[in-house]
Q: 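Have a look at the structure that comes next, please.
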There are 2 protein chains.
Amino acid sequence: MVPGARPTYAVIAKTAGVSEATVSRVLNGDESVHPERARRVQEAVEKLGYKKNRVASALASGRTGLIAVVIDDDLSVFSDPFWGTVTSGVSRVLQENGLHTVLMVSPVGLLEGGVAHYLKSGEVDGAIFFVLHSDALVNDLKKRGLPLVITGTPHSNADIPFVDTDNFGGAYTATKHLMNQGCKKVGIITGDIGTTAAKQRLDGYLQAYRESGHLPGKGLICEGDYSFESGKRHAQTLLETQPDLDGIFASNDLMAMGAITVLEAAGKSVPGHVRVVGFDDALIAQTSRPALTTIRQDVVALGEAAGSLIIAQLNGEDFEPIILPTQLVIRESA
Amino acid sequence: MVPGARPTYAVIAKTAGVSEATVSRVLNGDESVHPERARRVQEAVEKLGYKKNRVASALASGRTGLIAVVIDDDLSVFSDPFWGTVTSGVSRVLQENGLHTVLMVSPVGLLEGGVAHYLKSGEVDGAIFFVLHSDALVNDLKKRGLPLVITGTPHSNADIPFVDTDNFGGAYTATKHLMNQGCKKVGIITGDIGTTAAKQRLDGYLQAYRESGHLPGKGLICEGDYSFESGKRHAQTLLETQPDLDGIFASNDLMAMGAITVLEAAGKSVPGHVRVVGFDDALIAQTSRPALTTIRQDVVALGEAAGSLIIAQLNGEDFEPIILPTQLVIRESA
DNA sequence: ACTACCCGCGAAACCGCTTTCACGGATCGC
DNA sequence: GCGATCCGTGAAAGCGGTTTCGCGGGTAGT
């Protein structure tokens with residue numbers, strides 16, 4: 001908007017017969033201003049339709065009121081309802097604290113990439129990261145003093161504030177459940193193993209296997225990318241290479257649904273021939289047929305936890321990492 | 001970040017032996033600067049790790065590089081995968097043009113509400129609106145010169161730039177399809193009738209009914225809110241009040257799935273007893289059983305179209321409203 | 001009545017960029 | 001050789017707030 005298009009403090013000050021500093025004091029709730037002057041300022045604001053310029057305020061105060069929500073992936077991730085849900089959890093907490101969400105969905109890449117440049121530009125007061133493949137940027141930003149939270153356990157630096165779900169426990173429970181139902185050959189379709197969550201889910205699956213007295217063959221472990229298509233693709237691979245396959249643990253519901261789609265198209269009934277368990281408990285899990293047995297995580301709460309940790313840092317308060325529990329939801333597919 | 005924590009133009013200028021204006025010219029690509037001076041500036045930037053302060057630049061230039069994406073609803077909307085998908089379309093186009101997305105999910109409310117205040121604060125260069133219940137704020141912002149786009153046909157002001165899907169045509173096709181399959185008593189579960197999209201879908205349904213020679217009873221028209229739960233609730237109502245019900249057109253896939261859940265729980269098979277059609281063609285439509293017959297809209301393209309219209313306005317280019325087609329996707333439920 | 005202290009308020013500096021306008025040197029034309 | 005014009009560059013104003021520091025008036029204590 002062009003200069004003069006909307007009133008500034010100068011105009012309000014002139015109208016109210018005070019200085020600009022007084023206008024600033026009044027509008028920022030400084031109680032030391034004489035009530036009569038304060039009243040005149042408020043009248044002028046009302047009369048002239050004044051709106052504070054947040055950009056100028058940000059420059060002067062060093063605070064923008066913006067928090068970046070960074071998803072280290074490409075935009076296709078939004079086909080997974082997980083992202084909308086977790087983003088809504090984050091947004092709710094930020095909005096309640098008068099903050100706004102800048103959404104960045106892009107490979108985080110190098111320390112000199114687009115996301116890195118943006119986060120160092122002073123336009124956001126903090127950042128919340130999802131799906132991190134490396135702690136490098138996060139470590140760099142932390143050194144620069146930017147408040148931040150990652151969702152998922154840090155790769156290397158335990159100093160990084162984080163929130164997570166009990167990935168290991170959930171995967172372990174899912175695999176145990178399949179084994180308890182008589183499955184002998186349980187495959188896994190993981191997420192991107194570059195992320196700690198995917199690795200922890202793999203570890204939970206391996207631990208359950210270990211406890212059964214043996215380990216899965218290499219061919220039972222497929223690296224997906226959390227997409228429906230990768231679930232389909234890897235289920236196809238498992239069908240073709242593992243004739244005795246009788247169970248699949250997919251690291252999210254979308255891949256589980258992809259797997260079920262391929263299994264049933266191939267004449268393998270679920271759960272008759274192959275039992276399937278997912279992770280998330282998205283709506284798709286309950287409306288599919290067979291309804292999906294899955295590991296439920298509270299995705300809204302995960303987002304809210306992340307939002308709460310960033311707020312605590314902005315307020316200079318203490319905080320602890322938060323790890324949310326998971327629970328097995330038994331439906332038809334296992 | 002505190003003053004002195006990171007280098008400014010003053011430091012770069014001193015190191016390079018030029019003025020701050022020259023530093024600004026070089027970093028903003030002004031070719032008139034002598035190459036040798038430009039080289040010295042770039043060296044200083046590299047050596048000192050300079051990052052431009054976007055807040056200061058925004059104040060000086062009047063451009064922040066931020067676009068608000070405003071959803072006139074509460075955060076529970078994100079349980080509908082539509083929102084993640086359309087937001088990803090918008091974000092992709094904005095990111096390609098060097099812009100960032102500020103996500104605001106909140107009832108838009110009055111001209112003096114939180115959303116209104118924010119949008120008038122100068123922190124965003126434009127706004128894209130979803131699910132508008134009133135054009136009042138949009139009209140006010142347009143008068144103030146804020147570039148904006150709404151998704152959905154404007155309530156009253158044809159001057160407002162908008163993108164939309166062919167809601168009327170899609171709903172008409174859905175209802176026609178049900179009737180062509182022999183349905184005599186077709187109910188509709190609408191979205192929030194305060195939005196033009198929901199109203200257009202209702203109108204499409206009514207037009208198909210009109211062409212069949214009669215109109216639906218009042219009891220066949222239920223106002224939902226696009227949520228799974230409201231689909232369940234209204235299907236229950238239709239079952240209880242319309243004994244001859246043999247078809248349902250739900251205005252989105254979530255409500256359709258909700259309806260199917262209730263119908264089957266009540267022993268009414270789909271499509272045996274009651275045929276169901278949805279709208280959107282989300283993944284849930286293809287993975288449910290019965291797989292959902294639905295009206296497909298290209299949600300990513302809708303988001304991209306909105307992004308393109310805001311970019312055109314920012315660049316001072318001409319543009320036309322964009323209305324995307326729909327198509328019937330026949331699966332098992334009808 | 002005088003001195004010391006307190007407090008509300010205003011002028012102006014500052015935040016860190018962008019952009020304007022003026023200056024001086026170089027170049028070109030007569 | 002001189003005058004006119006052009007262009008690269010720097011000083012500083014401006015964008016619109018926040019905050020600091022000093023001033024003057026009022027009050028309290030001796």
Side-chain angles (χ1 to χ4, degrees), chain A residues 1-41 44-45 48-66 117-118 120-125, chain B residues 1-41 44-45 48-66 117-118 120-125:
Chain A
M1 289 173 173
V2 298
R6 47 195 268 206
T8 63
Y9 274 6
V11 176
I12 300 300
K14 200 172 179 63
T15 301
V18 297
S19 70
E20 293 172 45
T22 297
V23 175
S24 185
R25 290 188 183 105
V26 171
L27 298 191
N28 287 316
D30 187 331
E31 297 282 307
S32 71
V33 177
H34 193 281
E36 170 55 20
R37 286 175 182 268
R39 190 189 58 77
R40 294 209 309 267
V41 167
V45 164
L48 296 166
Y50 170 80
K51 307 288 176 205
K52 178 182 286 193
N53 184 311
R54 285 175 59 103
V55 176
S57 178
L59 181 60
S61 68
R63 295 287 284 255
T64 64
L66 297 172
H117 268 95
Y118 182 75
K120 291 166 189 169
S121 72
E123 193 159 69
V124 294
D125 296 335
Chain B
M1 286 174 174
V2 299
R6 44 193 270 209
T8 62
Y9 275 5
V11 177
I12 300 299
K14 199 171 179 62
T15 301
V18 297
S19 71
E20 293 172 45
T22 297
V23 175
S24 186
R25 290 189 181 105
V26 172
L27 297 191
N28 288 314
D30 188 330
E31 298 283 307
S32 71
V33 176
H34 193 282
E36 169 57 19
R37 285 173 182 269
R39 189 189 59 79
R40 295 209 309 268
V41 168
V45 165
L48 296 165
Y50 170 80
K51 308 286 175 207
K52 177 182 287 193
N53 184 312
R54 285 176 59 104
V55 175
S57 177
L59 181 61
S61 67
R63 296 284 284 258
T64 64
L66 297 171
H117 269 94
Y118 183 75
K120 291 166 190 169
S121 72
E123 194 160 68
V124 295
D125 297 336

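The shown structure was predicted, so the numbers you read here are calculated from the model rather than taken from an experiment. Numbered from 1 within each chain, the chains take letters A, B, ... in sequence-line order. Heavy atoms only: backbone and side chains are in, while hydrogens, waters and symmetry mates are out.
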Q: Tabulate atom names and distances for all N/O pairs under 3.5 angstrom spanning the protein and nucleotides 24-28 of chain C.
A:
none

Q: Heavy atoms only, 4.0 Å cut-off, all strands: where does S24(A) land among base, sugar-phosphate and nothing?
A: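 Base, at least one base heavy atom under 4.0 Å.
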Q: Measure CZ/R63(A) against C1'/dC15(C) and give the value in whole Å, please.
A: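 After rounding, the gap between these two atoms is 15 Å.
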Q: Side chains of L66(B) and L66(A): closer than 4.5 Å at any heavy-atom pair?
A: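 A side-chain contact exists here, since the closest heavy-atom pair is under 4.5 Å.
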Q: Rounded to whole Å, please give me the gap between CG in L59(B) and P in dT19(C).
A: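 So the two atoms are 12 Å apart, to the nearest Å.
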Q: In whole angstrom, what separates I12(B)'s CD1 from dT9(D)'s P?
A: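 About 18 Å, once rounded to whole Å.
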Q: Is there a side chain to side chain contact (heavy atoms under 4.5 Å, CB included) between T8(A) and E20(A)? Walk through the geometry before answering.
A: CA-CA 9 Å; T8(A) 63; E20(A) 293 172 45; over 6 Å; no
Q: Looking at S19(B), I'd like to know whether one of its side-chain N or O atoms comes within less than 4.0 Å of OP1 or OP2 on dT9(D).
A: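 The answer is no; no side-chain N or O of S19(B) sits under 4.0 Å from OP1 or OP2.
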Q: Take Y50(B) and V23(B), measure what side chain to side chain contact (heavy atoms under 4.5 Å, CB included) needs, and give me the verdict at the end.
A: CA-CA 11 Å; Y50(B) 170 80; V23(B) 175; 6.0 Å; no
Q: Starting at the 5' end of DNA chain C, what dot-bracket string do you get if Watson-Crick and G-U pairs under 3.5 Å are bracketed, crossing pairs use [ ], other-strand pairs use | and unpaired bases use dots?
A: ||||||||||||||||||||||||||||||
Q: So, does R6(B) use its side chain to make a donor-acceptor pair with the main chain of K51(B) at under 3.5 Å?
A: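 Yes, R6(B) side chain to K51(B) backbone: donor-acceptor pair under 3.5 Å.
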Q: Look at all strands and tell whether V23(A) reaches a base, only sugar-phosphate, or nothing, counting heavy atoms closer than 4.0 Å.
A: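 The answer is nothing, as V23(A) stays clear of every strand by at least 4.0 Å.
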Q: Which pair of non-hydrogen atoms, one from T64(A) and one from G122(A), has the smallest distance, and what is that distance?
A: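 Distance-wise, the nearest heavy atoms are CG2-O, 3.5 Å.
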Q: E123(A) has an atom CD; how far is it from atom P of dC17(C), in whole Å?
A: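 Checked: the CD to P distance equals 13 Å.
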Q: Which of residues 26-37 of chain B sit near DNA chain C, with a heavy atom under 4.0 Å from it?
A: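 Within residues 26-37 of chain B, the residues near DNA chain C are N28(B).
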Q: Flag yes if more than 12 heavy atoms outside E31(B) fall under 6.0 Å of its CD atom; otherwise flag no.
A: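 Open.
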Q: Write out all pairs satisfying salt bridge (Lys or Arg N to Asp or Glu O under 4.0 Å) with one or both partners inside residues 53-62 of chain B, taking only residues at least two apart or from two chains.
A: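 Only E123(A)-R54(B) qualify under salt bridge (Lys or Arg N to Asp or Glu O under 4.0 Å).
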Q: Show each protein N/O and nucleotides 21-24 of chain D N/O combination with a separation under 3.5 Å, one pair to a line.
A:
none

Q: Of the options L48(A), T15(A), V45(A), which is the one that meets P7(A) in a side-chain contact (heavy atoms from CB on, under 4.5 Å)?
A: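 The residue from L48(A), T15(A), V45(A) that satisfies side-chain contact (heavy atoms from CB on, under 4.5 Å) with P7(A) turns out to be L48(A).
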Q: Checking S24(A) side chain against A21(A) main chain: does a donor-acceptor pair fall under 3.5 Å?
A: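 No; judged by distance alone, with no hydrogens or angles, the pair does not exist.
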Q: State, to 0.1 Å, how close S19(A) and A13(A) come at their nearest heavy-atom pair, and which atoms those are.
A: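 So the minimum-distance heavy-atom pair works out to C-CB, 3.7 Å.
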Q: Less than 4.0 angstrom between a side-chain N/O of Y50(B) and OP1 or OP2 of dC17(C), yes or no?
A: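 Result: yes.
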Q: Between K120(B) (NZ) and dG17(D) (C1'), how many Å, whole number?
A: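 Distance check: K120(B) NZ to dG17(D) C1' gives 20 Å.
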Q: Holding to side-chain contact (heavy atoms from CB on, under 4.5 Å), I want the full list of residues that pass it with S57(B), two or more places apart in sequence or in another chain.
A: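 K52(B), S61(B).
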Q: Let's see if you can work this out: which of dC17(C), dT18(C), dC9(C) has an atom nearest to the side-chain heavy atoms of T22(A)?
A: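 Among the listed nucleotides, the one closest to the side chain of T22(A) is dC9(C).
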Q: Nearest heavy-atom pair of L59(B) and A56(A): which atoms, and what distance?
A: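 Heavy atoms of L59(B) and A56(A) come nearest at CD1-CB, 3.8 Å.
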Q: Rounded to whole angstroms, how far apart are CD on E20(B) and P on dG14(D)?
A: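 Distance check: E20(B) CD to dG14(D) P gives 17 Å.
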Q: Given dG16(C), dG10(C), dG17(D), which nucleotide is nearest the side-chain atoms of T8(B)?
A: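 Nucleotide nearest to T8(B)'s side chain: dG16(C).
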Q: Take the protein atom CZ of R6(B) and the nucleotide atom C1' of dC17(C), then report the distance between them rounded to whole Å.
A: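 In whole Å, dC17(C) C1' lies 11 Å from R6(B) CZ.
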Q: From the options dA12(C), dT18(D), dC17(C), select the nucleotide whose nearest atom is closest to the side chain of K52(B).
A: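 Minimum distance to the K52(B) side chain belongs to dC17(C).
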Q: Give the minimum heavy-atom separation between D125(B) and G62(B), together with the two atoms involved.
A: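 Heavy-atom minimum between the residues: OD1-O, 4.1 Å.
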Q: Specify the separation, in whole Å, of atom CG of N53(B) and atom C1' of dG16(C).
A: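 Between C1' of dG16(C) and CG of N53(B): 6 Å.
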